[in-house]
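What follows is a single structure, written as C-alpha cells, with notes after it.
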Amino acid sequence: MANVLVFIEQRDGKLRKSSLEALSLGYSLSRKISGTLGAVVAGSGISSLSSELAAYGAAKVFVADRPELALFSSEGYTAALDAAASAFKPSIVLVSATAMGLDVAARFAARRGVGVLSDVMTLDVENGRLAGERPVYSGKARVLVTAAPSAGIQVATPRPNVFPASRSDTPGAGEVVNLDLPALKIRAKVVKVEAAEAGEIDVAEADKIVSGGRGIKGPESWPMLRALCHELGAALGASRAAVDAGWIGHEHQVGQTGKVVSPSLYIACGVSGAIQHLAGMGSSKVIVAINKDPEAPIFKVATYGIVGDLFQIVPALTEAAKKLKA
Amino acid sequence: MNHIVCIAYVPDTETKIRIAAGGVSIDEADVKWIVSPYDEYALEGALQMKEAKGGTVTALTFGPARADTGLRECLARGADDAIRIASEGLGEVDSLGVARLLAGAIKALPHDVVWMGNKGVGTDAQVLVPMLAELLDLPHVNLVTKLEWKDGAVLAYREIEGAREIVEMPLPGVIGATKGLNEPRYASLKGIMAAKKKAIAVKTPADAGVDPVTVAGEAAHVRWTKLELPPARQAVKLVPGDDPAKAATELLRLLRDEAKVL
C-alpha cells in the first residue's frame, strides 16, 4: 500500500505551521501515488488536534498521548513515529526540517536503516521514488537528490516556510488511532523551555526578514530595525559581522555559519553581502538592499536597491509601512 | 573522560563553488579545504572538558587523504589521536552510510562523549548527529550553544525555533555543537610542531566493521543526481535614495504592486 505518513510537531498543544506545510505536501504526494495520508503526533493532552489534521487531509491520525511526552524528547517522539510507521506501513515519511523534526527523522531513518532526503525545497514522486532539490555548500549550489530503488521507506524533511500549508479540498476522515507504545527509553530529557522574547519571530521560520549588518554601526540601531520588523511582521536578522561584534545573539545570524533562510521578502540594511551571507539568503524570493555603497556585492543579488543613508531610509520605510496599513 | 570528535573536511566558506564535468560533484581544483566551522566548536568543547577534567580527545573523520590535513589541525590544537576512515574508491556514500562508518569506528573506542558540529558546510544534510546517536544506542542533544557539566551527565542548552530547550543528558551521549558554544582556539606553534610527530591511523571500512558494499554505490539510499549553481537573479532595480520619504513610499509600492510580497 502506498501510504504517506507525516510527523506533526506541536508545542504546548499548538500545531506548528511547518508541520502543516509538510502535511499539505504529504496530501498532494498521497494523491499522486493514490495512497492514504496519515499523521502522527506525540505529546500530552493532545487528542483534540486530530480534527485540524483531518482538515488538511489526514485519513488517520496516530496519537501518542503520554505524560512523559509533554516536552520534546528525540527518543520518545521517534518511538511514536516508529510505532505509527509499523501500524500504517507508509512508503513515504515526511517530517518538517526543524530542530525537532531533523532529530526525529534522522533517528527514525537510522533505526529503519534508510536515508533521508534532507532539507528539500522541492519534492516530487516519480515511479514511486522521491526526488527533491536541496541547497548544499550552504546555498552556494543546489543538488537534486533521489531515493534509490532499494531504499525501502523513503524519508524526506521539507524545509520550513517553502511549501504552502493549505486545507485540502476534501477533508480526511481523521480516524484517531491511539498508539500503544512500548516502555519508553528516554535518556536525554528536556527540563525547561525558555521562550524567546514575546513578539520575536525566528528567522528560520519567518516569511519576511529585516536584517542588519556592519553598516548599522552598533547595537543601538536595533530598535530602529525592530520598528520596521514590527510594521512588516518580519523577523530580525543579522550578518556575521554584526553577531561577531557582539551586537546581537547568534540565533539571529543569517548566512553560512548561521541560518540558511528562504523568506518571501528579505530586507538587508547595511549588509555588504559577503559570500557566506549571500549563500544563506540567496534563495529569498525578493531581496531589498539598502546600503550607502553602490558597489556592495549585496546589490548583485538584490531585486530592489536603495543607495543611500539607512539611518534615514529605514525610519522612512517604517513610517510608510504604517501609512500603508492604515 | 574519553572524547571522540567527528569532523568533516569541507570547502572553505570563502570558496566559490564550481560544478565539475558530469554535473553531480564540485570542481575540486583551487578549492581550499577546512575543518567545518561547526566541528571546530565541537573540538573546542572536547578540548576544554579534557583540560578541566582530564581524559583523551580523539579526532575522527571519513574522507580521502586530504582530510589528514584537517586531522593534523585537530592534533595541533590539542587532540591526542586522529583516525581517518579512508573513503578512496568507495563511490557515493550517503549520510546513513557515513553514520554507520563513524559509528563502527567509535564502537571500538572507549567513549564518554561523542562530539560533532550540528551540520557540515558541505553536503549540509544535518542528520548525522541523531543518526550516529541512534546507531550507537546513545542519547543526544543537537544545536548546543551552552553546556554545564554534572556528575555523569550534562546540562545542554539548545537553540530551537523561537525558544531555547534545556536538556539533561546522562553520559555517554552525543553532543551536536553549534555557534555560540565557545570560541575555537588557534593552534599554537608548539602544538603544530608536536602534531607533525603524531601518527594518523588510517582505517578501512572493514576495520570499522562495515562491509563497503552495504554503504557505498548501489547501497546508498539517497543519490545525488544533479548538482547546479543557483539560478542567476535578475538585475537590481534601483530606487533613488536622495529623498528618503519618497524612496520609502516607492519601494513599498513596488513590493506591494510589482513583487506582491506585502
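Model, not experiment: these values are computed from the prediction. Just so we're on the same page: letters track the sequence lines, and every chain starts at 1.
A donor-acceptor contact shorter than 3.5 Å links the side chain of A:Lys140 to the backbone of B:Thr13. Side chain of B:Arg223 to backbone of A:Thr146: no donor-acceptor contact under 3.5 angstrom is found. Judged by distance alone, with hydrogens and angles left aside, the side-chain atoms of A:Arg107 form no donor-acceptor pair with the main-chain N or O of B:Leu132 at under 3.5 Å. With hydrogens and angles disregarded, no donor-acceptor distance shorter than 3.5 Å links the side chain of B:Arg100 to the backbone of A:Ala110. Between the A:His250 side chain and the B:Lys179 main chain, a donor and an acceptor come within less than 3.5 Å of each other. Using modelled atom types, no side-chain atom of A:Asp202 and backbone atom of B:Glu161 make a donor-acceptor pair closer than 3.5 Å. The closest donor-acceptor contact from the side chain of B:Asp94 to the backbone of A:Gly115 lies at 3.5 Å or more, if one exists at all. Listed for the A:Ser264 side chain is no donor-acceptor partner under 3.5 Å among the backbone atoms of B:Val261.
With a threshold of 4.5 angstrom between heavy atoms, B:Leu96 approaches chain A through side-chain atoms but not through N, CA, C or O. Residue B:Thr145 does not touch chain A at all, counting heavy-atom pairs closer than 4.5 Å. For A:Glu251, the parts lying under 4.5 angstrom from a heavy atom of chain B are both the backbone and the side chain. Proximity to chain A (any heavy atom under 4.5 Å) is restricted, for B:Ala220, to the backbone atoms N, CA, C and O. In this structure, chain B has a heavy atom under 4.5 Å from the side chain of A:Leu324, while its backbone stays farther away. Within the 4.5 angstrom heavy-atom criterion, no atom of B:Glu250 approaches chain A. Only the backbone of B:Gln234 comes within contact range of chain A, with at least one heavy atom under 4.5 Å from a heavy atom of that chain. In this structure, chain A has a heavy atom under 4.5 Å from the side chain of B:Pro11, while its backbone stays farther away. Heavy atoms of B:Leu143 lying under 4.5 Å from chain A belong exclusively to its side chain. A:Lys285 touches chain B through backbone and side chain together, each having a heavy atom under 4.5 Å away. Heavy-atom distances place the side chain of B:Leu155, and not its backbone, under 4.5 Å from chain A. With a 4.5 Å cut-off on non-hydrogen atoms, B:Arg256 touches chain A through its side chain but not through its backbone.
Between B:Lys119 and A:Asp119, none of the side-chain N atoms (NZ, or NE/NH1/NH2) sits under 4.0 Å from a carboxylate O, so this pair counts as no salt bridge. A:Arg111 has no carboxylate O lying under 4.0 Å from a charged side-chain N of B:Asp137, or vice versa, which leaves the two without a salt bridge.
In terms of heavy-atom pairs under 4.5 Å with chain A, the best-connected choice from B:Leu254, B:Asn118, B:Leu128 is B:Leu254.
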